[in-house]
Amino acid sequence: MQPWPRTEEEALAVQDALRSRVVVEDGPALPATVAGLDIAYSADDSRLAAAVVVLNTADLSVADTAVVRGVPAFPYVPGLFAFREVPALLDALDRLTVRPEVLICDGHGLAHPRRFGLAAHLGVLTDLPSFGVGKTRLVGDWEPVGAERGARSALVDAGETVGAVLRTQTGVKPVFVSVGHRIGLDRACALTLRLAPRFRLPETTRVADRACRDHLS
DNA sequence: GCGACAG
DNA sequence: ATCTTGTCGC
């Protein structure tokens, strides 16, 4: 990556320059491999471990894992979250042996104030299909989601649908799915459901979460 | 001025 | 994100 932004103004300028590169076309309906990306931080926030885990979509078995240690590349600022995690995640992606067909990020894609959250950012930089599955909202409003697994409600911000609030398990809080790059919302939701046969979060996120925590000492 | 605010 | 005991529920 080029000189990394060091101020909020510089980061906003980068987002402005990159967001036009988001490609809105549908991606693979049944990718053979999917990657989960996540980062764990040390208690004092000075160190981090970034993990990328590639799963075989067919049986959710682990095909490859890469974990790297590093430092946050930017302070945590809502809306500029990607600048904190992208460098470490790209490092981890570079160490993979198996090329994932889709990236699934911990955070949002287009469900972002400027429509360029972490999932969109990583998608553009890697040019891989990507989307985000967040645990809480950043922007948008939605109507109550049906109680059954699979039920979804449009996540709307400033009049436009920026994602979906999806119930992955009956009786648990829904997750926030939003497109990042080269994949549509319907396929992102369908994939999320396939990857979450038993728990609230997709296995990609769960396995990556465990991997990066283990590498933080 | 008062909230809201991915991880 | 992370700090953390107990507790309610299946």
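Note that the structure is predicted; figures quoted are calculated from it, not measured. Proteins get letters first, then strands, A, B, ... in listed order; numbering begins at 1 in each.
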Atom pairs, protein N/O to nucleotides 7-10 of chain C N/O, distance under 3.5 Å:
none

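Annotation: side chain of A/Leu193 is in contact with side chain of A/Arg149 (closest heavy-atom distance under 4.5 Å).
Here A/Arg213 lies in heavy-atom contact (under 4.0 Å) with sugar-phosphate atoms only.
Rounded to whole angstrom, the span from the CG atom of A/Asp209 across to the P atom of C/dA1 amounts to 7 Å.
In plain terms, the two heavy atoms of A/Val52 and A/Ala92 that are nearest each other are CG2-CB, 3.5 Å. Shortest non-hydrogen contact noted between A/Leu155 and A/Ala164 is CB-N, 4.0 Å. When all heavy atoms of A/Ser130 and A/Ala119 are compared, the closest pair comes out as OG-O, 2.7 Å.
Aromatic ring centres of A/Trp4 and A/Phe74: separated by at least 6.0 Å.
For the side chain to side chain contact (heavy atoms under 4.5 Å, CB included) criterion with A/Cys189, the lone passing option out of A/Val133, A/Leu166, A/Val175, A/Thr168 is A/Leu166.
Secondary-structure annotation of DNA chain C gives no stems, with a stem taken as at least 3 successive Watson-Crick or G-U pairs whose two distances both fall under 3.5 Å.
Relative orientation of the A/His108 and A/Phe176 rings is perpendicular, given thresholds of 30° and 60° on the angle between their planes. Ring orientation note: the planes of A/Tyr76 and A/Phe81 are nearly perpendicular, at an angle over 60° on the 30°/60° scale.
Residues A/His112 and A/Asp157 bring no donor and acceptor atom of their side chains to less than 3.5 Å of each other.
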### Message
Can you build the contact string for nucleotides 2-7 of chain B? Use B for base contact, S for sugar-phosphate-only contact, and - for no protein heavy atom under 4.0 Å.
### Response
---SBB

### Message
With side chain to side chain donor-acceptor pair (under 3.5 Å) as the criterion, how do A/Arg114 and A/Gln15 come out once you've worked through the C-alpha distance, each side chain's angles and the decisive distance to 0.1 Å?
### Response
CA-CA 8 Å; A/Arg114 293 169 295 281; A/Gln15 278 188 341; 2.7 Å; yes

